K.L.:
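Have a look at this one.
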Amino acid sequence: MLDRILQDLGCAGHSRIILPGDARFADAAKSVRYVVSENPATGKPLAAISLDDAAAYSRTVDASVKVYESWRMVTAPERGQVVRAIGDEFRRLKEPLGMLITLEAGKIIAEGQGEVQEVVDIADFAVGLSRQLYGLTMPSERPNHRMLEQWHPLGIVGVITAFNFPCAVWGWNSILAAVCGNVTLWKPSLLTPLVAIATQQIADRVATKMGYPGLFPLVIGTDAEVGETMIADTRVPLISATGSCRMGKRVAGVVGQRLGRTLLELGGNNAVIVDPSADLNLATQAITFAAVGTAGQRCTTTRRLIVHESVLDALVKKLVTAYESINASRIGDPSQPSTLIGPLINQRSVDGYLHAVNTAKQQGGTVLIGGKVAKPNGLGGTYVEPTIIRAPASNDLPISREETFAPILYVFAYKDLDEAIALQNSVDQGLSSAIFSDSVKAAERFLSAAGSDCGIANVNIGTSGAEIGGAFGGEKETGGGRESGSDSWRAYMRRQTVTIHYGVGLKLAQGITFG
Ligand code: NAD
């Protein structure tokens with residue numbers, strides 16, 4: 001199947017990719033100059049992909065500097081036309097690229113294709129944006145002076161992406177950055193290099209055809225050799241990094257040392273509050289999708305459920321029923337249309353899941369459903385059962401404060417809304433949050449300055465599944481970055497304040513006279 005997908009995507013015979021049927025595969029798989037990409041649904045290798053070293057990285061940046069010097073002078077509306085054509089090509093290739101995401105990242109078909117749709121959506125958004133990179137004008141205090149702000153591109157934007165959104169996060173960053181006049185240098189996760197190659201090839205092919213080669217360079221390498229070189233590189237003024245808080249702290253430290261800019265999209269530990277007035281059927285559906293979708297491997301996955309004590313038993317009963325049907329028959333090969341829950345990305349993630357379940361038990365938690373490795377149809381992949389764990393009556397469950405990248409939902413009871421909000425806000429991360437309530441007072445309290453401390457706060461919608469039109473990102477250890485819609489484009493540009501004097505004789509601000 002992979003051969004056909006690579007062919008559809010125009011990547012068959014790509015010089016970096018060696019397939020298992022190739023005589024060179026065995027040697028490549030043993031070499032430190034290659035990474036082997038595996039299908040998490042089966043545990044079998046998909047391909048060996050050659051790695052860049054620091055010298056190759058440096059050559060790529062040298063070339064990118066030259067590309068940037070001409071791209072920055074192309075008008076923004078013309079840049080918008082390039083992005084429009086790129087979006088159209090992703091639209092055309094949504095199915096095969098979505099299936100490649102399914103094969104390499106283990107996402108179910110709808111979610112693999114949904115990622116490609118996000119690239120299409122952000123391209124549509126960016127075409128309009130290409131005529132709206134507005135600067136303000138402001139009145140000058142000096143006669144015959146005019147004052148305004150204008151926005152210029154930054155240069156080379158370094159984009160570091162996580163395994164769980166191997167295509168869309170590149171799109172959010174690179175499409176906007178391109179319209180803003182930048183070249184984006186992409187360092188993908190080594191768990192998803194095939195999706196990275198295919199994604200980059202699509203964009204590069206279109207841009208090259210329109211006369212703009214080299215706008216979307218790709219470097220695939222280890223964190224120690226290529227990642228560290230990139231974040232320390234002063235030729236890369238902005239590093240936009242998506243991944244764990246651990247990685248973000250390292251990136252922020254190194255880039256901060258050189259006073260570069262960062263845009264950080266890091267871990268989440270997202271909660272849903274359910275108050276007594278909530279529609280429990282709606283809540284059940286939304287929480288189930290947000291907690292088990294993508295096998296709990298979204299930054300916005302619901303990990304904590306904080307329920308008013310009066311409706312806790314009823315809601316938990318509905319959730320357990322929903323989980324029972326999923327665990328009985330809907331875990332499996334993500335490339336099958338009936339599957340709802342695919343595999344975790346690798347054995348390390350399974351170990352993390354089992355560790356969290358065991359720790360929760362030791363800390364007084366009760367497993368209500370799940371908690372075990374799953375073996376659907378004898379598939380060799382890394383599957384686990386979506387799990388609900390009831391916290392002890394004290395609500396003291398330290399493991400719930402950590403982001404375990406797996407489908408585990410911890411349930412807490414509350415009496416008073418402010419107590420629920422405090423519990424929600426008590427973790428280090430601040431990405432996404434939600435309340436289910438039909439009470440205007442409760443919803444508005446949750447949305448007020450005394451409410452959720454997260455970058456995303458939803459009412460009667462789960463924590464995951466954001467639209468590209470809004471600014472996406474979170475507070476505290478989630479990193480503070482904003483990507484995608486609204487005015488996130490400003491992160492990829494530098495602001496210049498301009499004052500123009502068209503009168504006679506020097507006039508100084510603040511009425512100062514000099515000489
Ligand atoms: P990870 O931190 O292990 O890796 C993320 C990326 O950082 C990879 O490309 C990795 O190679 C790179 N990296 C790691 N150390 C580096 C270094 N020293 N220098 C340069 N690059 C380095 O994360 P992961 O396991 O791939 O992804 C899961 C994590 O990502 C979760 O914590 C999840 O919440 C987070 N995430 C956040 C968002 C968001 O928008 N907030 C979106 C997706 C994923």
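We count ligands from 1, going down the list as the structure has it; atoms in each ligand are counted the same way. All figures in this text were calculated on a predicted structure; none of them were measured in a lab.
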K.L.:
With heavy-atom distances below 4.5 Å as the criterion, would you say the side chains of Thr478 and Glu475 are in contact?
P.N.:
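Thr478 does not reach Glu475 side chain to side chain.
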K.L.:
What salt bridge (Lys or Arg N to Asp or Glu O under 4.0 Å) pairs are there with at least one residue in residues 288-298, not counting sequence neighbours?
P.N.:
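Pairs touching residues 288-298 that pass the test: Glu111-Arg298.
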K.L.:
Given a heavy-atom cut-off of 4.0 Å, could you list the residues near ligand 1 in chain and number order?
P.N.:
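Residues within 4.0 Å of ligand 1: Ile160, Thr161, Ala162, Phe163, Asn164, Lys187, Pro188, Ser189, Asp223, Gly227, Glu228, Ile231, Thr242, Gly243, Ser244, Arg246, Met247, Arg250, Glu265, Leu266, Gly267, Gly268, Cys299, Glu403, Phe405, Leu431, Phe472.
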K.L.:
Should Arg59 and Asp52 count as an ion pair when the cut-off is N to O under 4.0 Å?
P.N.:
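Looking at Asp52 together with Arg59, the answer is no, because their closest N to O distance does not fall below 4.0 Å.
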K.L.:
Under 3.5 Å, is there a donor on one side chain and an acceptor on the other for Tyr34 and Asp27?
P.N.:
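Side chains of Tyr34 and Asp27: no pair found under 3.5 Å.
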K.L.:
Distance only, no hydrogens: is a donor on one side chain within 3.5 Å (strictly under) of an acceptor on the other, for Ser433 and Ser452?
P.N.:
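Yes, because at least one side-chain N or O of Ser433 sits under 3.5 Å from a partner of the opposite role on Ser452.
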K.L.:
Determine whether a donor-acceptor pair (N or O, by modelled atom type, separation under 3.5 Å) exists between the side chain of Asn270 and the backbone of Thr301.
P.N.:
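Judged by distance alone, yes, a pair lies under 3.5 Å.
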